[in-house]
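Contents: one structure, followed by commentary.
Numbers here simply count residues along the sequence, with the first being 1. Values below: all heavy atoms of this structure, side chains included; hydrogens, waters and symmetry mates excluded. Quick caveat, the model's predicted, so the values are computed rather than measured.
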Amino acid sequence: VIDQPEYSKETKECHEKKKELLEKQQRKQLELYEKTIAAQKAKAQARVTKQEEENLNKTQKILDLEMKVKNLELEKEKPYEIALQGKAKTLYENKMRTWRERTAKLDEHRGKHIALVLGQCEKELKNKLKQSAKYEDIVAKGKMLELIELMELTIQTNNEERYPFELAYKQDCNILGFQRNQLSAEDYMDKMITKHEVNQSIGMTRHHPFLLDFVAQEVHQKSHEDLDPDEKEKNIVATEEQYLAYIMIKNSGNGSQEQMKRLASS
């Protein structure tokens with residue numbers, strides 16, 4: 001989320017002073033109105049025997065003053081807008097324009113990422129996602145994290161009804177059988193990473209023991225089991241990334257075996 005620009009400390013302090021002054025003036029005006037109303041009522045009660053027309057006029061004046069009191073009370077409930085002038089106004093307007101543009105771009109990219117993720121989902125999964133009451137709001141507002149949470153929950157629920165070996169096989173096929181073909185390098189990488197994240201969400205891993213040892217030897221000159229807990233965690237991440245990189249290079253159909261090994265390691 002991109003934070004909306006805020007007013008400067010000086011602007012806020014100036015606004016608060018104006019607000020306090022206006023509220024003070026309103027309080028005095030209300031007190032004056034109330035005193036006038038009380039006086040008019042007292043006169044009206046003291047002269048009940050006088051001409052009816054005069055009493056009606058005084059009653060009308062009271063009603064008018066009461067209406068002014070109500071209107072002023074309503075005005076007090078309205079928020080006070082900060083008024084800027086000169087350079088301060090220009091600077092704030094520029095900040096707001098930049099914020100709106102960045103927010104619009106963020107919304108656009110969120111929408112693209114949502115579409116990309118959903119594009120990698122099987123029809124069965126998408127149909128189940130649509131059954132959630134949160135689905136429409138998540139897609140409309142580009143809430144990627146909530147979509148992933150919903151996917152994980154849906155997949156977890158669905159997995160209880162499916163044979164786990166079939167599930168593992170399909171997920172392996174989604175990764176290992178995904179060829180680049182006519183996709184650009186960037187699009188291919190984005191789609192592959194999305195598939196990998198879906199794999200991870202259901203508990204699939206790509207850090208086999210012999211691969212963990214291979215990477216650990218390269219970096220630390222010792223086996224994975226001999227690493228400390230922090231090193232082990234980093235070694236697992238590095239191993240998965242290197243294996244995924246090798247798969248992407250291999251499925252792109254470019255380079256010799258030696259070149260692919262070098263690129264995956266880098």
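- Taking the ring-ring contact (aromatic ring centres under 6.0 Å, His included) definition, one finds that F178 meets it with Y188, sequence neighbours left out.
- Both I193 and I175 belong to a single network of hydrophobic side chains, linked directly or stepwise wherever heavy atoms of I, L, V, M, F, W or Y lie under 4.5 Å apart.
- Listed here is the closest heavy atom pair of T205 and E240: CA-OE2, 3.5 Å.
- W99 has its side chain out of reach of K95: every pair of non-hydrogen atoms, C-beta onward, lies at least 4.5 Å apart.
- By the rule that hydrophobic residues join a cluster once side-chain heavy atoms approach within less than 4.5 Å of another member, M204 and V117 end up as members of one cluster.
- Of the charged side-chain nitrogens involved, none lies within less than 4.0 Å of a carboxylate oxygen, so that D187 and K191 do not count as a salt-bridged pair.
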Mind running side chain to side chain contact (heavy atoms under 4.5 Å, CB included) on D172 and R206 for me, showing each step along the way?
-> CA-CA 10 Å; D172 274 336; R206 306 219 167 268; 3.1 Å; yes
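- The NE2 atom of H196 lies 13.5 Å from the CG atom of N174; values are rounded to the nearest 0.5 Å.
- Here the NE2 atom belonging to H224 is positioned 12.5 Å from the CD atom belonging to Q217, to the nearest 0.5 angstrom.
- When every heavy atom of S223 is checked against every heavy atom of D226, the shortest pair comes out as OG-OD2, 3.0 Å.
- When the shell of 6.0 Å around CD of E233 is examined, it contains 12 or fewer heavy atoms from other residues, nucleotides or ligands.
- Legend: residues meeting salt bridge (charged side-chain N to carboxylate O under 4.0 Å, His left out) with D107, ordered by chain and number and at least two apart, are R110.
- Using a cutoff of 4.0 Å between basic side-chain nitrogens and carboxylate oxygens, E101 and R97 are not scored as salt-bridged.
- Linking ILVMFWY residues whenever their side-chain heavy atoms come closer than 4.5 Å, directly or via other members, places L176 and M248 in the same cluster.
- The backbone N or O of G86 lies less than 3.5 Å from a partner atom in the side chain of T90, making a donor-acceptor pair.
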Go through E218 and Q242 one step at a time and tell me if the side chain to side chain contact (heavy atoms under 4.5 Å, CB included) criterion holds.
-> CA-CA 12 Å; E218 276 192 329; Q242 188 167 330; 4.1 Å; yes
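- Heavy atoms of other residues, nucleotides or ligands lying less than 6.0 angstrom from CD of Q182 number 12 at most.
- When all heavy atoms of N251 and M192 are compared, the pair lying nearest together is ND2-CE, 4.3 Å.
- With values rounded to the nearest 0.5 angstrom, L147 atom CG is found 4.5 Å from I114 atom CD1.
- Contact between N235 and A216 at its shortest, heavy atoms only, is OD1-N, 3.4 Å.
- By the rule that hydrophobic residues join a cluster once side-chain heavy atoms approach within less than 4.5 Å of another member, I138 and I148 end up as members of one cluster.
- L211 and I236 sit in two unconnected hydrophobic clusters of ILVMFWY residues. Membership requires side-chain heavy atoms under 4.5 Å apart, directly or through other members.
- Across L129 and L150, no two heavy atoms sit closer than the pair CD2-CG, 3.7 Å.
- Annotation: the span from K134 atom NZ to E149 atom CD amounts to 7.5 Å, rounded to 0.5 Å.
- Taken from CD in Q171 to NZ in K195, the straight-line distance is 8.5 Å, to the nearest 0.5 Å.
- From L125, atom CG reaches atom CE of M151 across 5.5 Å, with rounding to the nearest 0.5 Å.
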